[in-house]
Amino acid sequence: MSRYYLTTAIDYSNGDPHIGHAYEKVGADVIARFHRLAGDDVHFVIGMDEHGQKVAQEAAAQGRSPQDLVDELAARFEAVWGRLHISHDDFIRTTEPRHTTAVQALVRRIRDAGDLYEDRYEGYYCTGCEAFKREAELEDGKCPIHPSREIVWTEEENWFFRLSAYRDRLLEHIEAHPEFVQPESRRNEILRLLEGGLEDISASRSRVPWGVPFPDEDGHTVYVWFDALPNYISAIGYPGDGFADTWPAALHVIGKDITRFHCVIWPAMLLSAGLELPDVVWGHGFVKIGGGKLSKSEAKQLDLDQLIDRHGPDAFRYFLLREIPWDRDRDFPSVEAFLDQFDERYNSDLANDLGNLLNRTVAMARKYRDGAIVPPGGTALDDAIDDALETYVDAMRQHRLHDGLDAAMTIVRAANGFIDSEEPWKLAREPKRAERLDAVLAALARGLATTAVLLQPFIPAKAAEMWERLGGDEMPALAELPHRLPTALPERADSVLFPRFEREPRSG
RNA sequence: GGCAGGGUAGCUCAGUCUGGUCAGAGCGGGGGACUCAUAAGCCCUAGGUCGCGGGUUCGAAUCCCGCCCCUGCCA
């Protein structure tokens with residue numbers, strides 16, 4: 001059993017969870033569940049990024065403490081992850097003592113390695129961006145992103161990290177391990193960036209008290225990347241003894257907008273500290289509406305609780321990964337189009353194809369054979385199942401989640417076609433063809449059982465329900481699947497797995 | 001301004017690296033035969049200047065040049 005440590009980006013405590021957060025968590029959860037299914041010893045961590053000026057300002061505006069604010073947000077995020085069946089093993093928050101300990105230990109190691117130095121920094125500082133701006137970036141003396149915020153001329157003594165010193169080693173690493181940055185489009189981006197050269201970056205701040213105290217430097221806190229990125233090691237006990245059992249991570253799942261931090265700054269920090277680099281950083285794409293990022297109002301219209309309520313959590317998970325390729329962006333013309341597509345996909349794939357297949361198969365097996373199922377084999381459907389299994393595993397191992405999902409659904413489509421070509425209702429009227437009917441029903445049951453297992457990472461609750469309705473007990477691991485097929489249906493009558501959704505006429 | 005990705009049927013996309021069954025899939029729409037089933041499933045059906053203009057070639061969505069537009073990152 002091999003260790004498989006995967007993480008997602010930690011979410012910044014500056015607002016409620018939205019569909020973008022959910023997409024990333026669901027995708028990572030599918031990967032985590034797939035690896036458990038494949039027999040790996042999975043450790044899956046998500047969490048919150050809770051420091052920084054914006055959090056402090058928002059808390060002040062609400063007249064409460066920053067800790068109070070982030071506690072509430074963390075609870076809201078965790079509640080949504082619970083509703084979405086996210087199966088994380090740990091939830092790291094950067095305000096936890098274990099995180100402070102790890103960050104300070106890491107900073108000390110990097111300083112001991114000679115990669116931190118003090119320097120004076122001066123320039124225009126935007127309080128909205130929490131960053132220095134070049135004069136050329138300002139418009140009429142204001143930050144173009146935060147024109148209402150003030151720009152202040154600031155002089156600071158800060159600690160700097162010698163990022164520039166790691167350019168060559170990073171280039172060499174990526175060239176030797178092309179899988180380190182995926183998908184390929186992200187890798188190309190990072191390679192171009194590295195070829196252009198790197199500048200040193202700030203490691204401390206003297207004016208942002210809401211953060212991890214910089215070791216041995218009163219009044220300074222650790223700057224963003226040194227605060228947020230080490231969550232991946234603080235969550236597994238760095239610098240304690242157990243850390244080495246889990247590190248390095250097999251996979252960091254992140255949004256493509258922060259690839260730079262994870263593929264340049266983070267590995268440079270790890271190299272400096274003498275730690276191993278993660279195996280893979282995966283920069284997924286985004287849900288887009290009308291050609292661009294989700295606006296605030298669009299994000300609000302796509303409220304997570306409402307989306308989950310619409311057809312249930314599993315259907316929402318299915319839709320996200322069926323429609324939005326894990327390695328690219330997906331654009332919907334409008335919020336309405338998104339919802340229409342969700343409804344259509346739910347009905348056509350889950351209700352009509354999958355749910356109805358289960359229903360008709362179970363009904364025939366009961367009607368013609370009183371629920372008994374013989375060992376399967378030898379039909380065209382059996383062959384299709386074998387092919388789909390292979391395609392599925394191959395796609396999933398390469399994190400091509402949408403292809404994996406499609407492979408699983410291939411079985412469903414093949415099974416529906418199989419029923420119509422075999423016409424079991426005719427076989428049932430001809431006693432001479434009883435054996436063929438047995439084989440047909442067995443292949444269908446096997447197809448559904450296999451589908452349940454392959455879909456388990458995507459729709460965990462509904463997959464388990466399918467498995468039970470077929471008469472299975474515990475869901476098997478992938479390797480056990482051929483030996484653990486159900487042999488008889490349970491006696492109870494079933495309700496439908498995915499009730500068809502009839503849309504209400506739209507008003508206006 | 002630099003870098004990257006993209007502009008193909010109503011919608012979302014595959015195909016472009018390795019030029020000639022490359023004009024495709026899914027959904028939606030239209031038609032048909034069945035009946036085990038959630039009026040689901042199955043079969044048939046899409047004639048879209050493959051962003052625009054040149055060029056190379058016997059032949060280009062697919063290669064080359066120029067241009068337009070969209071998106072993201074960086075500046």
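In what follows, chains are A, B, ... by sequence order, proteins preceding strands, each numbered from 1.
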_Inter-nucleotide P distance (rC69(B), rC63(B)), Å rounded_ = 22 Å
*Would you classify D353(A) as touching base, sugar-phosphate or nothing, given that sugar-phosphate means primed atoms plus P, OP1 and OP2, and contacts are heavy atoms under 4.0 Å?*
sugar-phosphate
*Write down the distance separating the P atoms in rG32(B) and rA25(B), rounded off to the nearest Å.*
22 Å
_If the test is salt bridge (charged side-chain N to carboxylate O under 4.0 Å, His left out), which one of E422(A), E430(A), E423(A) qualifies with R436(A)?_
E422(A)
*Using the C1' atoms only, state how far rU18(B) lies from rA60(B), rounded to an integer number of Å.*
15 Å
*Pairing of R345(A) and D349(A) as salt bridge, 4.0 angstrom limit*: yes
*Cationic tip of R205(A) within the cone over Y223(A)'s six-membered ring, i.e. under 6.0 Å and within 45° of the normal?*
yes
_Step-by-step side chain to side chain contact (heavy atoms under 4.5 Å, CB included) determination, R469(A) to S495(A)_ = CA-CA 10 Å; R469(A) 286 174 185 227; S495(A) 56; 3.4 Å; yes
*asked:* Nearest whole Å is fine: how far is rC11(B) C1' from F342(A) CZ?
replied: 18 Å
*Does a nitrogen or oxygen in the side chain of R260(A) sit under 4.0 Å from OP1 or OP2 of rC74(B)?*
yes
Pick out the pairs of N or O atoms, protein on one side and nucleotides 69-71 of chain B on the other, that lie under 3.5 Å.
from	atom 1	to	atom 2	distance (Å)
rU71(B)	O2'	K288(A)	NZ	2.9

*Taking the side chain as every heavy atom from C-beta outward, state whether M48(A) and I10(A) have any atom pair closer than 4.5 Å.*
no
*Set of residues satisfying side-chain contact (heavy atoms from CB on, under 4.5 Å) with respect to E468(A), sequence neighbours excluded*: R492(A)
*Distance between the C1' atoms of rG48(B) and rU8(B), in whole angstroms?*
8 Å
*Report the nucleotide, chosen from rC27(B), rA14(B), rA40(B), that has the shortest atom-to-atom distance to any side-chain atom of E344(A).*
rC27(B)
*5' priority, RNA chain B, between F261(A) and N416(A) [closest heavy atom]*: N416(A)
*asked:* Quick check on rG41(B): is either OP1 or OP2 less than 4.0 Å from any side-chain nitrogen or oxygen of N352(A)?
replied: yes
_For F332(A), does the six-membered ring have the charged nitrogen or CZ of R330(A) within the cation-pi criterion, i.e. under 6.0 angstrom from the centroid and within 45° of the normal?_
yes
*asked:* Tell me whether the NZ or CZ atom of K462(A) lies within the 45° cone about the ring axis of F498(A) and under 6.0 Å from its centre.
replied: yes
*Rounded to the nearest angstrom, tell me the gap between atom CZ in R330(A) and atom P in rG6(B).*
17 Å
*Among residues two or more places apart or on two chains, list those pairs meeting salt bridge (charged side-chain N to carboxylate O under 4.0 Å, His left out) that have a residue in residues 248-270 of chain A.*
K256(A)-D329(A)
*Should N416(A) and R360(A) count as side-chain neighbours, where that means a heavy-atom distance under 4.5 Å?*
yes
*Would you check if there is a donor-acceptor pair between the side chains of D16(A) and H21(A) at a distance under 3.5 Å?*
no
*Can you tell me, in whole Å, how much space there is between the P of rC67(B) and that of rG10(B)?*
30 Å
*asked:* Is any side-chain heavy atom of D279(A) closer than 4.5 Å to one of E179(A)?
replied: no
*Does D406(A) pair with R400(A) as a salt bridge, N-O distance under 4.0 Å?*
no
*For the side chain of R33(A) and the backbone of F458(A), is there at least one donor-acceptor N/O pair under 3.5 Å apart?*
no
_Pairwise P distance for rU49(B) and rU57(B), with rounding to whole Å_ = 28 Å
*How far, in whole Å, is rC58(B) from rU12(B) if one measures between their P atoms?*
39 Å
*Ignoring backbone atoms, test whether R328(A) places a side-chain nitrogen or oxygen under 4.0 Å from the OP1 or OP2 oxygen of rA14(B).*
yes
*Scan nucleotides 29-37 of chain B nucleotide by nucleotide, 5' to 3', and note B when protein non-hydrogen atoms come under 4.0 Å of the base, S if they reach only the sugar-phosphate, - if neither.*
-----SSBB
_If a pair means Watson-Crick or G-U wobble with both distances below 3.5 Å, what does RNA chain B look like in dot-bracket form, with | marking bases paired to a different strand?_
((((((((.[[[[.)....(...]]]].((((.........)))).....[[[[[..)....]]]]]))))))).
Sort me out a list of protein N/O and nucleotides 1-5 of chain B N/O pairs below 3.5 Å, or just none if empty.
none

_At 4.0 Å (heavy atoms only), tell me whether L497(A) reaches a base, stays on the sugar-phosphate, or touches nothing._
base
*Contact class for P333(A) (heavy atom, under 4.0 Å): base, sugar-phosphate, or nothing?*
sugar-phosphate
*Can you tell me, in whole Å, how much space there is between the P of rA46(B) and that of rC27(B)?*
15 Å
*How close or far is atom P of rC43(B) from atom CZ of F418(A), stated in whole angstroms?*
14 Å
*Is V30(A) close to M396(A) at the side-chain level, that is, under 4.5 Å between some pair of heavy atoms?*
yes
